[in-house]
Each structure stands twice: as C-alpha cells, then as structure tokens.
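Accompanying notes for the structure given below.
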Amino acid sequence: MKVNQSFRDVPKITTHVLQEMKLKHEKISMLTAYDYSFARILDGTGIDVILVGDSASNVMAGHSSTLPITLNEMIYHASSVVRAVRRALVVVDLPFGTYQGNSKEALNSAIRIMKESGADAVKLEGGREVLESVDRILSAGIPVMGHLGLTPQSIHKFGTYVVRATNKQEADKLVDDAHLLDNAGCFAIVLEKIPAKLGGQVTREIKIPTIGIGAGAEVDGQVLVLHDMLGITLDFSPRFLRRYHNLAEEIKGAVTSYIKDVKSTDFPNEKEQY
Ligand code: KIV
C-alpha cells in the first residue's frame, strides 16, 4: 500500500482486510484520534485503524478516568474523525454505561454511533459478562471489536491500572473470553497490559486479529494513544509506551516565539498585513 495517496484512489480498509492481514502475518497499525485535523494527518500516513477511543475522556476533556464521557460526546468526536478519513477503518468506543447489563440499550447505543457518526465499527470492554450485548449488536450487522485485559471502564472494580491476568485464574478467564468473542463473531480484540506470553497464546489460539497495547510482540497489531506517543501528554509513562516525539516541547517553543514576536511588535511585519 502506497502512503499519501489522494483521497479518491485509496482502497478502504475493512474488517476483512484485517483478517487477511492476520493470515498473511502482516502487522496491523492502530492509533487513536478524536478530531478532524489529526485524523486527516493519520489517514494520509497509511495507518490501518483509527480508534476514536473513550480515552478522549482523559486526553481531550481532562477527566481522570474514561467513565464520564457520554454517548453524545463520543458521537461528536467520531463524526469529526469520520469526516477526515477515506482509507483507515474507523472504530468507536461504546462509552461506560451504554452497553453493560442491558443488551437492548447496547444495540441502541451502537446504532446511534453508526448512524450519527458514519463510523465502521464499535468497540466494547469485557468478555462473558457483555456477551449478550455483543451478540445483539452483531445481529444488527454492526462489526464489534472486543477489549480484554486492562479494561479502563472497570477501574473502580480493580482500583489500579497494574498488569492484568498475571495469575492462572485470570489468565484462563481471559483466554476463555477471547474464544467467546471470537466465536460470537467479533472481528478483532484489543489486549491491554497483559503478559507478553499470554498475548502470544491468545493470538495463536483465536481466528481473529489481536491488537496489543502492552501485550507484547506476538500479537497481530499494536495500538497506542496518539497524544501519548507524540509526547503531547507527558504525565503518563507506562513501560509499553514508546514516545516518538516531544510535541509538547515543540508547541511550547513555537508559542513562546509567537508571544515574543507580538510583544516586541516584530509580528506582523510588512508582508503579513494588508
Ligand atoms: O480508549 C482508548 O484509547 C483505548 C485504547 C487504549 C485501546 O481503548
């Protein structure tokens, strides 16, 4: 796949393309985006999947967890991203409280996301406990991505963001959940912050692609939060995070120069006015 092609001639990434990538052992790249401008840049790079994650709750709104973000807010972020994207598969998180415990509400939430944002798929957290919701959403023809391991919407149940499934009981449950989601018809599963060996085991055992975030190298693809990998958010440094840039410093440098130029009346110069 050539990168930076014009919007018109790019073949769209579908869930079937991701399945073929798994079969061909071609790694899947996924990053988050929450707005039009970043999504447009990302789509032009050849990224395979753009996740409108509920991490928008932390990154965009400054909340300390993903719990407060609402369905309407997710739809706002998702529609902004969809307007920018031609090639990547756009997946949107179902926010906390819109799918757990009530499969009818889950279906309604997923339908609202698909109808009002134009996204390609939804993602939700959990295994057996959300299986009825997964089944119901899938039965409406909406592709579902699962999310196992560290599931940030359950932070109040676990009380900590430490590595998950480090003991046999939790690891067995995770493997069991992965099979359930695979057999139900999910098209991929995010595996967050689990031992690398377990990530590899799940990847080999199930038919659909696994996308890891802190799940080692033997998974089918990787995902990171865009603002973390670009160095915009600096207060979050888990071991799995590779920072590709220090954009916060670059932005500060540019803004400091702008302030200096305004104060010194260097800006605007003759050529910058009418
Ligand atoms: O919300 C999010 O950004 C996510 C990723 C961490 C996978 O779910």
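Atoms within a ligand are numbered from 1 in the order they appear, just like the ligands themselves. The first residue of the sequence shown is numbered 1, and numbering continues consecutively from there. These numbers were taken from a predicted model, which means no experiment stands behind them. We use all heavy atoms of the structure for the numbers below, so side chains are in, but hydrogens, waters and symmetry mates are not.
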Inset, instruction - Please identify each residue that fulfils side-chain hydrogen bond (donor to acceptor under 3.5 Å, both in side chains) with T203, with sequence neighbours left out. - result: T210
Legend entry - Residues which pass side-chain hydrogen bond (donor to acceptor under 3.5 Å, both in side chains) with S65, listed by chain and number, not counting sequence neighbours: none
What does the contact table look like for ligand 1 (nitrogen or oxygen on each side, cut-off under 3.5 Å)?
{"residue": "ligand 1", "atom": "1 (O)", "partner": "D54", "partner atom": "N", "Å": "3.2"}
{"residue": "ligand 1", "atom": "1 (O)", "partner": "D54", "partner atom": "OD1", "Å": "3.0"}
{"residue": "ligand 1", "atom": "1 (O)", "partner": "S55", "partner atom": "N", "Å": "3.0"}
{"residue": "ligand 1", "atom": "1 (O)", "partner": "S55", "partner atom": "OG", "Å": "3.3"}
{"residue": "ligand 1", "atom": "1 (O)", "partner": "D93", "partner atom": "OD2", "Å": "3.1"}
{"residue": "ligand 1", "atom": "3 (O)", "partner": "S55", "partner atom": "OG", "Å": "2.5"}
{"residue": "ligand 1", "atom": "8 (O)", "partner": "K123", "partner atom": "NZ", "Å": "2.9"}

Inset, instruction - Work out which heavy atom in Q100 is nearest to a heavy atom in V130; give both atom names and the distance. - result: CG-CG1, 4.5 Å
Legend entry - Passing option when Y34 is tested against S80, S55, S57 for side chain to side chain donor-acceptor pair (under 3.5 Å): S55
Inset, instruction - Apply salt bridge (Lys or Arg N to Asp or Glu O under 4.0 Å) to D261 and list each qualifying residue two or more places apart in sequence or on a separate chain. - result: none
Inset, instruction - Check step by step if side chain to side chain contact (heavy atoms under 4.5 Å, CB included) holds for Q19 and I208. - result: CA-CA 6 Å; Q19 185 63 54; I208 53 174; 3.8 Å; yes
